[in-house]
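What follows is a short report on a single structure.
These numbers come from a predicted model, not from an experiment.
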Amino acid sequence: MNQYRLKKTSPLTGLIAVLLALSILRFISTILIISHSEMPTAVVITMLVAYGIATVVFLILLLRLRRSHLIFNDSGIVYAPAFGAVRNLAYNDLQKLSMGGRSYILYTMDGKKLVTFNDFRTDNASEIVAFLKSKGVKAEI
């Protein structure tokens with residue numbers, strides 16, 4: 001049984017995880033500063049808001065990098081977006097695979113872009129393209 005997993009690799013995943021941990025620590029330490037002071041200053045409140053926003057942004061980025069993927073197998077496609085439910089697709093649900101240089105865009109039948117991947121950040125991109133062509137997905141340059 002052929003199975004290919006399309007998951008973009010990013011060197012930023014480790015950096016984002018470290019920044020998330022640091023922003024959580026700074027957020028908690030700022031809360032502790034506020035709880036021990038009688039009257040929090042504007043700088044402390046600004047730090048609390050900034051570290052809270054940074055925590056949310058880094059958490060969303062990390063979830064997006066870790067959760068989203070596509071699995072191509074003989075029976076169909078399993079699409080797990082960063083947020084939302086996992087979708088099962090058939091190969092006849094795909095309109096085309098657009099190829100430009102070493103970059104590929106996969107479109108669904110309603111013309112929406114499903115995923116973009118390339119040879120540089122995807123380990124097995126050429127194998128996935130060959131597999132999609134063997135399953136009857138129309139390729140265009």
Side-chain angles (χ1 to χ4, degrees), residues 1-135 137-141:
M1 177 176 196
N2 293 328
Q3 181 170 337
Y4 298 98
R5 182 180 176 122
L6 188 137
K7 182 159 183 67
K8 294 180 182 177
T9 56
S10 176
L12 296 178
T13 305
L15 178 64
I16 290 173
V18 169
L19 291 174
L20 174 64
L22 289 174
S23 66
I24 288 172
L25 289 173
R26 294 297 299 206
F27 183 76
I28 292 171
S29 66
T30 307
I31 289 175
L32 292 175
I33 289 172
I34 288 176
S35 67
H36 290 322
S37 66
E38 296 171 4
M39 181 72 127
T41 63
V43 173
V44 174
I45 292 173
T46 304
M47 286 175 39
L48 180 68
V49 171
Y51 291 129
I53 291 171
T55 300
V56 170
V57 168
F58 291 137
L59 183 64
I60 290 171
L61 285 173
L62 192 61
L63 283 174
R64 183 170 184 262
L65 288 172
R66 301 296 289 170
R67 186 173 186 266
S68 63
H69 64 271
L70 274 169
I71 297 175
F72 301 98
N73 54 36
D74 290 330
S75 61
I77 303 167
V78 178
Y79 174 56
F83 303 103
V86 174
R87 292 175 35 197
N88 293 317
L89 302 167
Y91 290 104
N92 58 5
D93 293 335
L94 301 177
Q95 179 184 16
K96 65 182 176 180
L97 175 67
S98 177
M99 300 185 294
R102 297 185 150 210
S103 179
Y104 312 101
I105 304 172
L106 194 58
Y107 292 96
T108 58
M109 279 306 225
D110 55 359
K112 293 182 181 177
K113 187 184 333 180
L114 180 65
V115 68
T116 302
F117 60 101
N118 58 36
D119 287 335
F120 301 112
R121 293 185 356 164
T122 307
D123 296 334
N124 54 353
S126 59
E127 295 172 3
I128 291 171
V129 170
F131 182 74
L132 288 171
K133 286 181 182 178
S134 73
K135 290 296 182 181
V137 177
K138 185 176 76 171
E140 72 176 31
I141 297 175

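Heavy-atom minimum distance, Q95 versus M109: CA-SD, 3.6 Å.
L94 has its side chain within reach of L106: a pair of non-hydrogen atoms, C-beta onward, lies under 4.5 Å apart.
Atom CG in L59 sits 4.5 Å away from atom CG in L63 (nearest 0.5 Å). Here the straight-line distance linking atom CD of E140 with atom CD1 of I105 works out to 10.0 Å at 0.5 Å rounding. Between L20 atom CG and I16 atom CD1 the span is 9.5 Å, to the nearest 0.5 Å. Taken to the nearest 0.5 Å, the OH atom of Y51 stands 9.0 Å off from the OG atom of S23. Here CG of L97 is found 5.5 Å from CZ of F117. Values are rounded to the nearest 0.5 Å. Between I31 atom CD1 and R26 atom CZ the span is 12.5 Å, to the nearest 0.5 Å.
Scanning for side chain to side chain contact (heavy atoms under 4.5 Å, CB included) contacts around I53 gives V49, V57, with sequence neighbours left out. The side chain to side chain contact (heavy atoms under 4.5 Å, CB included) test applied to T41 returns V43, V44, not counting sequence neighbours. The side chain to side chain contact (heavy atoms under 4.5 Å, CB included) test applied to A80 returns H69, V86, not counting sequence neighbours. K138 meets the salt bridge (charged side-chain N to carboxylate O under 4.0 Å, His left out) test with no other residue; sequence neighbours excluded. For the salt bridge (charged side-chain N to carboxylate O under 4.0 Å, His left out) test, no residue two or more places apart in sequence or in another chain qualifies with K133. For A90, the side chain to side chain contact (heavy atoms under 4.5 Å, CB included) partners two or more places apart in sequence, or in a different chain, are N92, D93.
Taking the six-membered ring for Trp and thresholds of 30 and 60 degrees, F131 and Y91 have ring planes more than 60 degrees apart, a perpendicular arrangement.
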Using the side chain to side chain contact (heavy atoms under 4.5 Å, CB included) rule, take T13 and L62 through it: C-alpha gap first, then chi angles, then the decisive distance, then the call. CA-CA 7 Å; T13 305; L62 192 61; 4.0 Å; yes
Criterion side chain to side chain contact (heavy atoms under 4.5 Å, CB included) on T116 and Y104, from CA distance to verdict: CA-CA 6 Å; T116 302; Y104 312 101; over 6 Å; no
Run N88 and I77 through side chain to side chain contact (heavy atoms under 4.5 Å, CB included) and show every step you take. CA-CA 6 Å; N88 293 317; I77 303 167; over 6 Å; no
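Judged by the 6.0 Å distance and 45° axis criteria, K113 is not positioned over the aromatic ring of Y107.
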